[in-house]
Amino acid sequence: MRYSKLFIPTLRDDPADAEVISHKLLLRAGFIRRVTSGVYDYLPLGLRVLRKIEAIVRDEMNRSGAQELLLPMVQPAELWEKSERMEKYGPELLRFNDRHGHESCLGPTHEEVICDLISRELRSYKQLPMNLYQIQAKFRDEIRPRFGLMRGREFIMKDAYSFHADEASLNAEYDNMFATYCRIFERFSLNFRPVEADGGSIGGSKTHEFHVLAESGEDLIAHCSGCDYAANVETAMSKRQAVNTPSAALLMVETPHVTSAEDVAAFLHADLSTLLKTLVYRAVGGANDGMIIAACVRGDDQVQEIKLTHAIAADSIEMASDDEIAQIGGITGFIGPQKLNCKLFLDHSLTAACGLITGANKANAHITGLDVDRDLEDIHFADLRETRAGDACNTCGAEIELSRGIEVGQVFALGTRYTEPMQVLFQNQQGKRALATMGCYGIGISRLMAAVVEQCNDDSGIAWPQALAPFSVGLISMGKSEAVLQTSAQIYQALLDAGIEVLWDERNERPGVKFKDAELIGLPMQLVIGDRGLKAGVVEMGWRKGGRSEVAVGDVVAKVIDLLKGQLADKNTGSIN
RNA sequence: CGGGGCGUAGCGCAGCCUGGUAGCGCAUCUGGUUUGGGACCAGAGGGUCGGGUGUUCGAAUCACCCCGCCCCGACCA
């Protein structure tokens, strides 16, 4: 491609409304443009990268035995009624009526559609297992789209759905997909980590998320420094080192206007971890909708709300209002677990704890000497605390570390969560009707593009890994002498003939402009053809990640072919730099 | 939805407080010079100042309403 013919609207300044590096660079380098909140145009360069990501994903999915198909974006409401997600999915599901008044929605995910398809076509166990996938635009009316491609409302996703005759088959495919995902992210040269995760609203029992490690990540993941345990903090488990205080008599102490755990500890000259913190929540959805409950953790711990949500079997939870707290006999700022008129949940770390400081359920007062076994009744223990850096690993005891991650993929063993309501049945070997089990596996294609940029950039711009670069080579003609133009044209044509994607910058621009643009858009290899080099019979070869050398004009094409083929071969065998 | 911020040329911004000719840098177009790290000279084009209503002789500027965008929280690929 000739640069002068390519639509690359680069920007010299960072756009004011971009915050994270990938958003800024993708806009500046002319890969994307915003249409409206969370919705983007993919310009030619952006599309080229997107297609490369898709190609790798497709290649590995096909290799894993999955088959590609394409499902509709517009889905009838009936299917969502049938799976009982019409209500449950909430306002994130964009609904609309067609001219006949028929209610439809834009697909945020495709369990319903695929189950509907399979339920009509599946007859025999002999057709199973089966893994079908598609790469397609999804629409989720996100509460808060942000960070450019990182969290859009419309985004490109690879979603796969597998169907099985039994649990063992599902587990085998789960492992197969897990391995496939590892291969995919390795081919992207990404620093990533698979982690144990929460099922979220999709439901299901077993699930892992794949996170690209990056400061701008929206998720916190806990991982062990000693073994390969890694989990999203939403579910991560660990041991904590608590200060053990001796048992003591209950005593009420005055704490005027001292409310936060930190302030109480300071006021009473106590260690934060000797406090028992009580938070009051209201269950939303589920069998216990509206129920008020109290959750206790140590003063230096935080309640992990996802864990609490599971502990009380709710769809979600919200902090209780001051009025709701008063109704159960508490006072905001001075809540304690004693004599609260609601269900009481304590974190495991409080098992048999004594000598604790806690709220007195009385204004301006706290209690010291609380003994969990002695002073509290009818308590439920659960894992409620959020794992912190420095905790001990449950498996090996080594130190837990926390990192930020961008979730680029997730694998679920769904079981019969969808196949049951959608009636995905088949005839088993015994001739009986049986329910299929199901797994689903997603990869955020467009989000991956942002995640890669988050990891591959420097002050000059993007530095694409070879496998994803929109062009492998940037051919820069320096000056406009006949010799430069002719040599450039020859090399350009020879590279094209060799099947190498090359962007020839033949614009009548000064060298600085060409270099800056080449670095901004992040092409991995640069070939500079100028009068200075031609006099010595050489072309300059530079790498985006650093390093320059000179190659004889006559050898350039062969050399480039050799280097690029070598790099691509490396990627395919999984040996990643 | 709650909290914070913003909206003036394609991009980045000033002007607003204290009402009176709409400005700067970059980009763009024309001509010329220049060509190994975002050139220079001369000239030119480009604006319903997010929208509406009001106050006023007069509104980018003041008031009210609406819309949009960004950031922090709940959602998730």
Side-chain angles (χ1 to χ4, degrees), chain A residues 9-20 23-24 27-28 30 33-39 53 57 89-93 108-110 135-160 181 197-202 207 209-212 217-219 232 234 284 305-306 309 315-319 405-412 440-451 460-461 476-481 484 507-520 526 528-534 540 542 548:
Chain A
T10 59
L11 266 18
R12 190 176 283 215
D13 302 308
D14 280 338
D17 55 5
E19 185 78 4
V20 299
H23 191 195
K24 286 181 185 169
L27 284 168
R28 273 191 59 201
R33 283 294 184 267
R34 192 183 62 82
V35 178
T36 182
S37 181
V39 178
I53 296 174
V57 170
Y89 212 93
E92 218 169 289
L93 183 65
T109 174
H110 284 66
I135 295 175
Q136 181 216 35
K138 295 280 184 280
F139 193 93
R140 296 182 188 174
D141 200 356
E142 290 280 348
I143 300 165
R144 186 152 91 85
R146 62 180 141 175
F147 299 156
L149 257 31
M150 210 87 96
R151 175 171 302 282
R153 293 194 297 164
E154 183 178 301
F155 59 99
I156 314 288
M157 177 157 115
K158 187 282 305 181
D159 46 325
Y181 275 32
D198 178 67
S201 60
I202 295 183
T207 176
E209 292 167 347
F210 289 77
H211 284 265
V212 168
E218 295 181 87
D219 288 270
N232 193 307
E234 292 173 353
V284 178
E305 298 190 353
I306 301 280
T309 305
D315 285 347
S316 65
I317 54 173
E318 282 174 15
M319 293 290 275
I406 301 164
E407 187 194 343
V408 291
Q410 187 160 18
V411 292
F412 289 96
C440 74
Y441 320 90
I443 288 182
I445 301 285
S446 45
R447 178 182 284 181
L448 256 173
M449 182 156 137
S460 309
I476 298 181
S477 294
M478 193 98 68
K480 48 182 181 182
S481 75
V484 165
R507 290 129 91 210
N508 182 21
E509 287 287 354
R510 297 172 67 84
V513 173
K514 296 189 178 189
F515 284 130
K516 289 286 182 195
D517 277 337
E519 280 151 17
L520 213 213
Q526 219 174 64
V528 184
I529 296 169
D531 287 314
R532 210 169 70 184
L534 289 185
E540 198 171 296
R548 278 173 180 261

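Quick note: numbers below take in every heavy atom, side chains included, and nothing from hydrogens, waters or symmetry partners. All values derive from a computational prediction rather than experimental measurement.
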| What interatomic distance, in whole Å, is found between P of B:G37 and the corresponding atom of B:C49? | 44 Å
| For B:G37, what is the paired nucleotide under Watson-Crick or G-U wobble rules, both distances under 3.5 Å? | none
| field | Rounded distance (Å) that lies between atom P of B:C1 and atom CD of A:Glu318 | value | 15 Å
| For the atom pair OG1 (A:Thr309) and CD1 (A:Ile317), what is the distance rounded to the nearest 0.5 Å? | 3.5 Å
| task | Check the distance between B:C76's C1' and A:Ile443's CD1 and give it to me in whole angstrom. | result | 16 Å
| Can you name the residues that form a salt bridge (Lys or Arg N to Asp or Glu O under 4.0 Å) with A:Glu540, not counting sequence neighbours? | A:Arg548
| task | Round to the nearest Å and state the distance from A:Glu92 atom CD to B:C75 atom P. | result | 10 Å
| request: For A:Gly152, report the nucleic acid contact type (base, sugar-phosphate, nothing); a contact means any heavy atom under 4.0 Å. | output: base
| message | So if I define the base as every atom that isn't primed, P, OP1 or OP2, how would nucleotides 32-40 of chain B read as a B/S/- string at a heavy-atom cutoff under 4.0 Å? | response | --BBBBBB-
| field | Nearest non-hydrogen partners of A:Pro145 and A:Ser37, listed with the distance | value | CG-OG, 3.4 Å
| Over how many whole Å does the gap from A:Asp141 atom CG to B:A74 atom C1' extend? | 15 Å
| field | B:C1 pairs with, by Watson-Crick or G-U criteria that keep both distances under 3.5 Å | value | B:G73
| task | Pick the P atom in B:G43 and in B:G25, then give their distance to the nearest Å. | result | 13 Å
| request: Using the test ring pair (Phe, Tyr, Trp, His ring centres under 6.0 Å), find all partners of A:His23 that sit at least two apart in sequence or belong to another chain. | output: A:Tyr40
| said: Rounded to whole Å, how long is the line connecting atom CE of A:Met150 with atom C1' of B:C75? | reply: 16 Å
| message | Using Watson-Crick or G-U wobble geometry with both distances under 3.5 Å, which nucleotide pairs with B:G7? | response | B:C67
| request: Could you say whether A:Glu407 or A:Glu305 is positioned toward the 5' end of RNA chain B, judged by the nucleotide with the nearest heavy atom to each? | output: A:Glu305
| note | Sorted by chain and number, sequence neighbours left out, salt bridge (Lys or Arg N to Asp or Glu O under 4.0 Å) with A:Asp141 holds for A:Arg153
| query | Which value, in whole Å, describes the distance between the C1' atoms of nucleotides B:C1 and B:C17? | reply | 32 Å
| Pairwise P distance for B:G45 and B:C24, with rounding to whole Å | 13 Å
| task | Pick base, sugar-phosphate or nothing for A:Glu142, based on heavy-atom distances below 4.0 Å to the nucleic acid. | result | base
| query | Tell me: CG of A:Asp13 to P of B:A9, nearest whole Å? | reply | 14 Å
| request: Take nucleotides 68-73 of chain B nucleotide by nucleotide from the 5' end and write B, S or -, depending on whether a protein heavy atom sits under 4.0 Å from the base, only from the sugar-phosphate, or from neither. | output: -SSBBB
| query | B:G50 and B:U8: how far apart are their P atoms, nearest whole angstrom? | reply | 6 Å
| Where do A:Glu19 and A:Lys24 land on the salt bridge (charged side-chain N to carboxylate O under 4.0 Å, His left out) test, with the steps shown first? | CA-CA 7 Å; A:Glu19 185 78 4; A:Lys24 286 181 185 169; over 6 Å; no
| Complementary nucleotide for B:C57 - Watson-Crick or wobble, under 3.5 Å | B:G20
| task | Find out whether A:Tyr441 and A:Gln410 are in side-chain contact, i.e. whether some heavy atom of one side chain is under 4.5 Å from a heavy atom of the other. | result | no
| Interatomic distance at C1', B:U18 relative to B:C71, whole Å | 31 Å
| query | Taking atom C1' in both B:G46 and B:C29, what distance in whole Å separates the two? | reply | 10 Å
| remark: The side chain to side chain donor-acceptor pair (under 3.5 Å) partners of A:Glu154 (sequence neighbours excluded) come to none
| query | Rounding to a whole Å, what distance do you find between A:Leu93:CG and B:C75:C1'? | reply | 14 Å
Under 3.5 Å, side-chain donor or acceptor atoms of residues 510-520 of chain A against the rest of the protein: list the pairs with distances, not counting sequence neighbours.
| unit_1 | atom_1 | unit_2 | atom_2 | d |
| --- | --- | --- | --- | --- |
| A:Lys514 | NZ | A:Ser477 | O | 2.6 |
| A:Lys514 | NZ | A:Asp505 | O | 3.1 |
| A:Lys514 | NZ | A:Arg507 | O | 2.8 |
| A:Asp517 | OD2 | A:Arg507 | NH2 | 2.7 |

| Which residues share a side chain to side chain donor-acceptor pair (under 3.5 Å) with A:Glu142, sequence neighbours left out | A:Arg151
| remark: Atom CG of A:Leu27 and atom P of B:C11 are separated, to the nearest Å, by 11 Å
| field | Complementary nucleotide for B:A42 - Watson-Crick or wobble, under 3.5 Å | value | B:U30
| request: With sequence neighbours left out, write down each residue that passes side-chain contact (heavy atoms from CB on, under 4.5 Å) with A:Met157, or none if nothing qualifies. | output: A:Lys138, A:Arg140, A:Phe155, A:Asp159
| Which whole number of Å gives the distance between the C1' atom of B:U21 and that of B:U61? | 15 Å
